[in-house]
There are 2 protein chains.
Amino acid sequence: MRDVAKIAGVSVATVSHVVNDKAGARIGDDARRRVQEAVAELGYRPNALAKTLSQGTSRFIGLVADAIATTPFAGQIIHGAQDEAWKHGYVLLVANTDGNAAAENEAIAMMLEHQVHGILYSTWYHREIQVPEALHQTDTVLVDCFAAGNVLPAVVPDEEQGGRTATEELLAASHRRIAFINTTTPSPAQTGRLAGYRAALAAAGIEFDESLVFPAAPEQEGGYAATSAILDSKATAVFCHNDRVAMGLYDGLREHGLRIPEDIAVMGFDNQDVIAAHLRPTLSTVALPHYELGAAGVRLLLGLEPAPESGPKLIACPPVLRHSI
Amino acid sequence: MRDVAKIAGVSVATVSHVVNDKAGARIGDDARRRVQEAVAELGYRPNALAKTLSQGTSRFIGLVADAIATTPFAGQIIHGAQDEAWKHGYVLLVANTDGNAAAENEAIAMMLEHQVHGILYSTWYHREIQVPEALHQTDTVLVDCFAAGNVLPAVVPDEEQGGRTATEELLAASHRRIAFINTTTPSPAQTGRLAGYRAALAAAGIEFDESLVFPAAPEQEGGYAATSAILDSKATAVFCHNDRVAMGLYDGLREHGLRIPEDIAVMGFDNQDVIAAHLRPTLSTVALPHYELGAAGVRLLLGLEPAPESGPKLIACPPVLRHSI
DNA sequence: TTGAAAGCGCTAACAC
DNA sequence: GTGTTAGCGCTTTCAA
């Protein structure tokens with residue numbers, strides 16, 4: 001910067017003003033031009049770190065995730081957060097903790113040392129968490145997870161609306177006897193999707209039939225194993241807890257010579273691309289809005305959007321219609 | 001830091017020395033203890049940015065990716081890079097460019113302004129790239145891609161070895177007539193895996209039979225469509241260009257009433273978890289080492305490991321045996 | 001064994 | 001309009 005000033009024959013203050021296009025700074029056309037030329041000539045690049053130090057406020061946002069890689073989903077959260085942060089001139093600092101508390105504290109400490117504007121704490125599946133102590137030392141928003149007592153702003157998928165939507169799609173295709181293969185794992189997804197399923201049935205004037213909900217491991221194996229129970233139930237459509245379960249069910253159904261959707265309709269959840277878009281027939285499902293979760297997290301953190309006064313911010317799970325209904 | 005010094009009754013220089021555990025610094029036990037107490041009392045945290053400014057050397061590594069989210073794979077690269085960077089006291093700055101050149105330049109500029117130690121430029125599938133001009137302004141290593149003329153250090157999966165390994169596994173199960181469903185997309189994967197397939201056959205004394213390699217779209221649909229050709233070929237085993245192709249082939253085979261692996265063995269490539277580990281039977285495949293790619297990229301960047309004098313650094317694709325052979 | 005002081009690159013009052 | 005200068009929080013000679 002000094003060099004630029006020297007070449008342009010001005011002071012560093014002037015350089016700073018033109019480089020940052022300062023609002024209230026009156027700079028002569030000539031001086032401005034000379035500075036710009038010098039910048040170009042020298043290939044000058046401002047030092048963002050020095051700027052931060054001097055202004056006392058950084059453009060970093062930290063993202064600490066419990067599992068960047070285990071699932072395709074985490075990547076989408078990063079992606080959404082990154083895009084949104086970028087849009088507002090912020091930069092993402094990422095750290096993976098593998099769910100390990102020590103790594104977590106270290107990661108948070110490191111972000112604090114780098115003067116992050118705030119931290120996004122994310123998990124790869126929607127759940128309640130214990131808030132790490134260290135998070136209280138800066139602004140934090142929880143992404144795809146939430147804390148008891150709503151002590152921190154959080155943004156999570158609207159599981160209930162998702163379950164409702166999924167069921168409604170089946171209802172819209174005139175199904176009345178709709179089975180639901182739910183996960184055996186206690187989670188907001190388990191209760192939320194079930195509540196949505198019941199709400200949709202109720203709204204359609206269909207009585208909830210407990211014997212139509214089947215517990216299963218939330219994977220291909222679970223869906224496959226549920227096949228005969230589904231068949232016995234005489235359901236004409238089945239809403240699966242997730243796409244993987246639906247994939248397993250496809251296999252089971254096929255073995256019994258059943259056609260989808262002619263003989264039985266199938267609805268998934270998650271919109272896991274590698275699966276849903278490529279099963280035969282392609283799978284209708286409800287999308288988990290991971291990208292939006294990341295983006296909304298950043299917006300809350302930057303105060304661009306107000307957090308709901310009570311409870312986490314809910315992001316809608318939109319239906320993705322393909323050919324299994 | 002000044003506050004700590006004041007409370008401990010020493011100078012900031014002394015605080016700096018004890019906080020950083022400086023080697024050649026003689027600090028009295030008493031002073032050291034007082035500083036440590038003051039640090040604890042104040043909850044003092046060093047400002048990493050100020051440190052960088054003063055030392056002139058940062059602990060940032062930039063990762064620019066063309067697609068963080070499109071695929072589960074990109075996440076693994078980030079994960080590997082992050083873990084390795086972390087291990088050496090570095091922090092990852094990530095940017096997504098969606099393959100857009102403008103975003104790319106902006107991302108690189110931003111990283112440069114943040115004084116990154118170097119940049120990891122990664123793509124989500126192995127290919128040759130045009131090196132963005134801006135990358136030459138700092139140390140760069142290419143991850144999962146490479147540049148013509150080997151102008152930049154690069155680290156990529158060893159496609160040929162992967163193809164060889166896959167074929168060898170089939171050979172080891174006593175198959176002699178092995179079909180290969182290759183992608184129609186020109187790429188290092190296309191040529192490398194084919195070369196590996198041929199090499200393995202040659203080593204086993206089996207003549208290469210052109211009519212045993214089938215072109216197909218690298219997705220479920222391609223594998224499914226190739227079914228009848230595979231059946232006509234009388235092959236007893238098939239090596240699929242990737243797991244998605246294998247998944248499609250599973251469907252096709254099942255429709256023809258064939259059992260895997262009793263009637264025909266199937267080998268995949270990629271080790272895409274959501275698929276490979278959960279097909280029935282589970283799919284034997286070869287893993288694309290994305291995590292390792294990211295980690296090795298960081299090692300090359302930090303000079304912890306020498307780059308090969310010619311060509312990219314090859315990372316092995318290990319076999320993952322399950323139940324389809 | 002410890003401290004004073006210069007300087008890292010930049011911003012922001014304020015003076016001219 | 002433009003320049004001077006005092007920091008921002010830290011490291012690092014060098015002197016004491």
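Chain letters run A, B, ... following the sequence lines, proteins first, then strands; residues in each count from 1.
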[X] has an atom [atom1]; how far is it from atom [atom2] of [N], in whole Å?
{"X": "K6(B)", "N": "dG3(C)", "atom1": "NZ", "atom2": "P", "result": "15 Å"}
{"X": "L49(A)", "N": "dT11(C)", "atom1": "CG", "atom2": "P", "result": "12 Å"}
{"X": "E113(A)", "N": "dT11(D)", "atom1": "CD", "atom2": "P", "result": "11 Å"}
{"X": "M1(A)", "N": "dG9(C)", "atom1": "CE", "atom2": "C1'", "result": "8 Å"}

Checklist entry - Once you build an axis from the first five pairs and another from the last five of the helix from dT1(C)-dA16(D) to dC16(C)-dG1(D), how far apart in angle are they, to 10 degrees? => result 40°
Next on the checklist: What residues from residues 27-48 of chain B pass a heavy-atom cutoff of under 4.0 Å to DNA chain C?
Outcome noted: I27(B), G28(B), A31(B)
Item to check | Close residues, residues 53-60 of chain B, relative to DNA chain C [heavy-atom separation under 4.0 Å] | outcome: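 Listed by number, they are L53(B), S54(B).
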Checklist entry - Looking at residues at least two apart in the chain, or sitting in another chain, which of them share a salt bridge (charged side-chain N to carboxylate O under 4.0 Å, His left out) with D270(A)? => result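 So D270(A) forms a salt bridge (charged side-chain N to carboxylate O under 4.0 Å, His left out) with R193(A).
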List, one per line, each side-chain donor-acceptor pair under 3.5 Å for residues 1-15 of chain B, sequence neighbours excluded.
{"residue": "S11(B)", "atom": "OG", "partner": "A13(B)", "partner atom": "N", "Å": "3.3"}
{"residue": "S11(B)", "atom": "OG", "partner": "T14(B)", "partner atom": "N", "Å": "3.3"}
{"residue": "S11(B)", "atom": "OG", "partner": "T14(B)", "partner atom": "OG1", "Å": "3.3"}

Next on the checklist: Taking 4.0 Å as the cut-off, does a side-chain nitrogen or oxygen of K22(A) come that near to OP1 or OP2 on dT11(C)?
Outcome noted: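 So the side chain of K22(A) is outside the cut-off, no N or O lying under 4.0 Å from OP1 or OP2 of dT11(C).
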Checklist entry - Below 4.5 Å, heavy atoms only, C-beta onward: do P188(A) and V156(A) meet side chain to side chain? => result no
Next on the checklist: Is any side-chain heavy atom of L53(A) closer than 4.5 Å to one of L49(A)?
Outcome noted: no
Checklist entry - For the side chain of N20(B), counting heavy atoms from C-beta on, which of dC10(C), dT11(D), dT1(C) is nearest? => result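 In terms of side-chain proximity for N20(B), the closest of dC10(C), dT11(D), dT1(C) is dT11(D).
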Taking only residues at least two apart or on different chains, which pairs with a member in [range] satisfy side chain to side chain donor-acceptor pair (under 3.5 Å)?
{"range": "residues 108-118 of chain A", "result": "Y90(A)-H117(A)"}
{"range": "residues 36-53 of chain B", "result": "Q137(A)-R45(B), N20(B)-K51(B), R33(B)-E37(B)"}
{"range": "residues 299-309 of chain B", "result": "E84(B)-R299(B), E292(B)-R299(B), R299(B)-E305(B), E305(B)-K313(B)"}

Checklist entry - Nearest 0.5 Å, what's the CD-CG distance between E104(A) and D98(A)? => result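 Reported to 0.5 Å precision, the distance equals 10.5 Å.
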Next on the checklist: How about CZ on F60(B), more than 12 heavy atoms from neighbouring residues, nucleotides or ligands closer than 6.0 Å, or not?
Outcome noted: yes
Checklist entry - What residues in residues 8-18 of chain A put a non-hydrogen atom under 4.0 Å from any atom of DNA chain D? => result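 Correct list: G9(A), V10(A), S11(A), A13(A), T14(A).
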Checklist entry - Residues in side chain to side chain donor-acceptor pair (under 3.5 Å) with H17(A), at least two apart? => result none
Item to check | side chain to side chain contact (heavy atoms under 4.5 Å, CB included) partners of A154(B), counting only residues at least two apart | outcome: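 Side chain to side chain contact (heavy atoms under 4.5 Å, CB included) list for A154(B), sorted by chain: L142(B), F146(B), P312(B).
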Next on the checklist: Keeping D139(B) on the side-chain end and L301(B) on the backbone end, is there a donor-acceptor pair under 3.5 Å?
Outcome noted: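 No, because the side chain of D139(B) does not come within donor-acceptor range (under 3.5 Å) of the backbone of L301(B).
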Checklist entry - With nearest nucleotides of DNA chain C determined for K51(A) and R2(A) from heavy-atom distances, which residue corresponds to the more 5′ nucleotide? => result R2(A)
Item to check | All ring-ring contact (aromatic ring centres under 6.0 Å, His included) counterparts of Y121(B), not counting sequence neighbours | outcome: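 Counting only residues at least two positions away or on another chain, Y121(B) forms no ring-ring contact (aromatic ring centres under 6.0 Å, His included).
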